[in-house]
Trainee: 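Okay, here's the structure, questions in a sec.
For the single chain, residues carry numbers from 1 onward in sequence order.
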Amino acid sequence: MTTTAVNVVRDADAERFVAPDGSSLRLLADPAVTGCDLSVHHSVLRNGADGAGPHHHDTSAELFYVIGGTLEFLVGHEVVRAGAGDFLVVP
């Protein structure tokens with residue numbers, strides 16, 4: 001078994017972005033921190049807010065865990081709705 005280093009990102013050190021509608025995003029880790037094709041964000045979207053526009057990642061998947069409310073994801077040509085407690089992996 002290989003032991004790897006543990007990276008701790010403190011809340012106070014996380015990069016923050018606040019949108020005009022009050023939605024917010026904290027960048028907790030990116031590949032420079034994780035050492036792989038993994039970025040971790042904590043996003044709070046206000047009711048009716050748009051998230052990221054349609055985009056594609058060539059080398060990584062995106063993981064989403066919905067804590068509250070409902071989100072709609074465009075996956076290819078399909079809209080996938082997810083609610084509180086749902087977990088999605090988009091290849």
Trainee: S23 side chain to R46 main-chain N or O, any donor-acceptor pair under 3.5 Å?
Mentor: yes
Trainee: What about the rings of F87 and F64, do their centers lie closer together than 6.0 Å?
Mentor: no
Trainee: Please find the pair of heavy atoms, one from Y65 and one from G85, that lie closest to each other, and give the distance.
Mentor: CE1-O, 3.7 Å
Trainee: Are any non-hydrogen side-chain atoms of V80 and E72 less than 4.5 angstrom apart?
Mentor: no
Trainee: Taking C-beta and beyond as the side chain, do L63 and L88 meet within less than 4.5 Å on heavy atoms?
Mentor: no
Trainee: Any link between L25 and L45 through a network of hydrophobic side chains (Ile, Leu, Val, Met, Phe, Trp, Tyr) touching at under 4.5 Å?
Mentor: no
Trainee: Rounded to the nearest 0.5 Å, what separation is found between the CG atom of N47 and the CG atom of D21?
Mentor: 10.5 Å
Trainee: Pair L28, H41 - check side chain to side chain contact (heavy atoms under 4.5 Å, CB included), show working.
Mentor: CA-CA 5 Å; L28 300 173; H41 303 90; over 6 Å; no
Trainee: Run the salt bridge (Lys or Arg N to Asp or Glu O under 4.0 Å) check on R16 and D11 step by step: do they pass?
Mentor: CA-CA 10 Å; R16 298 173 191 282; D11 182 59; 3.2 Å; yes
Trainee: When hydrophobic residues are tied together by side-chain contacts of less than 4.5 Å, even through go-betweens, does I67 share a cluster with L71?
Mentor: no
